[in-house]
Amino acid sequence: MQKQIAVIRGDGIGPEIVNQALLVLDEIARRYGHTFRYVDVDMGGCAIDRWGEPLPAAELDKCLASDSVLLGAVGGPKWEGMPGDKRPEKGLLALRAGMGLYANNRPAKLWPQLAGASPLKASIVEKGIDFLVVRELIGGVYFGAHRTEEVDGELVATDVMPYSEHEIERIGRIGFETAQKRRKKLCCVDKANVLDTSRLWRRVMHRLQSEYPDVAYSEMFVDNAAMQLCKDPSQFDVIVTENMFGDILSDEASMITGSIGMIPSSSLGEGSRGLYEPIHGSAPDIAGQDKANPIGTILSAAMMLRYSFDAPAEADAIERAVSAVLDEGLRTGDMMSEGCTLVGCAAMGKAILAHL
Ligand code: NAD
């Protein structure tokens with residue numbers, strides 16, 4: 001196959017981890033007879049420095065003209081004082097909205113080799129952690145109106161959290177369909193005891209439920225879900241939830257699986273073009289020091305092969321190679337434990353290449 005991939009290295013550790021993922025994709029292309037053409041895209045802090053805005057229209061166009069997008073991470077202290085619309089994260093929100101990516105898919109899987117790195121008790125981890133958070137990505141409070149005004153001599157801030165039925169239905173269907181491909185359990189996480197948006201989510205989900213009789217459907221308040229993820233994560237298969245709850249729960253999910261550096265994600269809309277990125281940020285504290293874990297980005301490339309390019313054998317090969325280096329005891333600092341060998345970002349990438 002021939003594919004064009006838009007590559008956003010971004011800021012902080014972004015360039016280091018993306019470079020390792022590209023070496024892996026090159027090796028996959030060589031072994032399986034594919035051609036991947038990479039198109040560099042500026043987004044985030046580096047785009048602000050170069051173009052004065054986090055995602056210039058021409059850069060978004062390059063993504064829209066590609067078969068998929070691979071992203072490292074954006075942001076950092078350098079741009080933190082910038083006004084709201086000139087911040088690196090705005091580029092990310094604009095990219096998701098511009099590409100119409102409403103479904104963010106974040107697997108939380110404990111690699112058995114990393115069981116010791118989970119902060120949870122062994123008795124909890126032993127039961128296994130393997131679930132997936134399907135997060136609505138372009139609606140809710142992150143995309144509603146934001147306002148700060150003076151009322152009666154003090155500042156009052158308001159953030160609006162809108163959801164319409166069609167937005168809920170399309171992500172709800174992804175939740176049910178994803179569950180059908182896994183262990184057939186779907187839990188809708190919300191705050192229906194307080195929020196109208198959550199009550200609308202439930203109404204729409206109940207309507208959809210009858211179309212997916214093979215899926216065991218349940219509902220949970222988000223505060224309880226945050227607790228249950230620590231108490232017994234093995235109870236979950238697929239969680240579907242709105243934008244902000246998904247943002248928070250998926251970070252919690254990454255922590256209990258050992259390291260934030262291991263988790264990939266996909267964001268999809270209509271059609272096969274997606275955005276693939278690790279779930280962590282630009283880690284400015286370790287940027288440029290060859291300390292970053294590139295596995296989340298490498299596994300994101302594997303997800304791209306699986307979900308956008310319909311190449312499951314190639315994706316399996318990458319995941320097997322990652323498992324093999326973990327078996328060998330190689331660890332970057334974020335997941336280091338006693339008896340293992342500490343390696344840097346480039347050495348970790350090289351070891352994965354050697355196992356492909
Ligand atoms: P972060 O995820 O960048 O870092 C949190 C901690 O995890 C740090 O100690 C970091 O060193 C470590 N870490 C993260 N990824 C790692 C990896 N691959 N290997 C080893 N260690 C890793 O979160 P933060 O510190 O809250 O944010 C830093 C910047 O990133 C901020 O500007 C934030 O806005 C931005 N951010 C960007 C994205 C994105 O691009 N999608 C997501 C989250 C945060």
Side-chain angles (χ1 to χ4, degrees), residues 7-21 41-49 54-55 63 69-82 84 86-97 99 101 104-106 114 117 119 133 135 137-138 142 243-244 246-267 274-301 322 325-326 330-337 340 342-349 352:
V7 175
I8 306 176
R9 288 182 173 77
D11 311 310
I13 60 169
E16 304 166 53
I17 53 179
V18 167
N19 287 344
Q20 296 309 316
V41 172
D42 287 332
M43 189 187 87
C46 58
I48 295 172
D49 289 350
L55 182 64
C63 297
V69 182
L70 182 68
L71 163 68
V74 297
K78 182 177 176 191
W79 304 279
E80 253 153 40
M82 309 283 276
K86 291 269 186 281
R87 293 179 64 129
E89 295 76 9
K90 269 283 171 194
L92 196 51
L93 296 183
L95 180 68
R96 289 168 178 166
M99 292 178 67
L101 306 172
N104 182 223
N105 180 331
R106 296 183 168 195
L114 296 184
V133 179
R135 164 189 169 195
L137 204 58
I138 53 175
Y142 293 179
N243 202 344
M244 182 168 66
D247 189 6
I248 298 167
L249 290 182
S250 57
D251 266 27
E252 185 186 354
S254 72
M255 197 58 235
I256 61 174
T257 57
S259 172
I260 195 168
M262 292 291 297
I263 314 245
S265 78
S266 71
S267 303
L275 167 66
Y276 296 85
E277 54 176 322
I279 69 154
H280 58 73
S282 59
D285 51 330
I286 55 167
Q289 300 169 39
D290 191 36
K291 286 184 178 166
N293 184 350
I295 294 180
T297 318
I298 290 171
L299 292 174
S300 299
V322 167
V325 298
L326 296 179
L330 300 188
R331 302 283 187 272
T332 41
D334 54 300
M335 51 172 178
M336 182 61 187
S337 55
C340 295
L342 182 67
V343 294
C345 180
M348 180 57 91
I352 292 169

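Just so you know, ligand 1 is whichever comes first in the structure, and atom 1 is the first atom listed for that ligand. Since the model is a prediction, treat every value here as computed from it, not as a measurement. These values consider heavy atoms only, across backbone and side chains, with no hydrogens, waters or symmetry-generated copies. In what follows, residues are counted from 1 in the order of the sequence shown.
Checked against side chain to side chain contact (heavy atoms under 4.5 Å, CB included), K291 has the following partners two or more places apart in sequence or in another chain: I286, Q289. Residues forming a side chain to side chain contact (heavy atoms under 4.5 Å, CB included) with S259 (at least two apart in sequence, or on another chain): M262, D334, M335.
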For ligand 1, what N or O to protein N or O distances fall under 3.5 Å?
residue  : atom   : partner : partner atom : Å
ligand 1 : 2 (O)  : G281    : N            : 2.7
ligand 1 : 3 (O)  : G281    : N            : 3.4
ligand 1 : 3 (O)  : S282    : N            : 3.2
ligand 1 : 3 (O)  : A283    : N            : 2.8
ligand 1 : 9 (O)  : D285    : OD2          : 3.0
ligand 1 : 11 (O) : D285    : OD1          : 2.9
ligand 1 : 11 (O) : D285    : OD2          : 2.9
ligand 1 : 15 (N) : H280    : ND1          : 3.3
ligand 1 : 18 (N) : H280    : NE2          : 3.1
ligand 1 : 18 (N) : N293    : O            : 3.0
ligand 1 : 19 (N) : N293    : N            : 2.8
ligand 1 : 30 (O) : S282    : N            : 3.1
ligand 1 : 30 (O) : S282    : OG           : 3.2
ligand 1 : 32 (O) : G76     : N            : 2.9
ligand 1 : 34 (O) : E89     : OE2          : 2.4
ligand 1 : 40 (O) : V74     : N            : 2.8
ligand 1 : 41 (N) : E277    : OE1          : 3.4

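Looking only at side-chain heavy atoms (C-beta outward), V322 and I352 come within less than 4.5 Å of each other.
For the 3.5 Å distance criterion, the side chains of W79 and D49 qualify, holding a donor opposite an acceptor.
For the pair S265 (side chain) and I279 (backbone), a donor-acceptor distance under 3.5 Å is absent.
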Just distance, no hydrogens or angles: give the donor-acceptor pairs under 3.5 Å from side chains in residues 88-96, sequence neighbours left out.
none

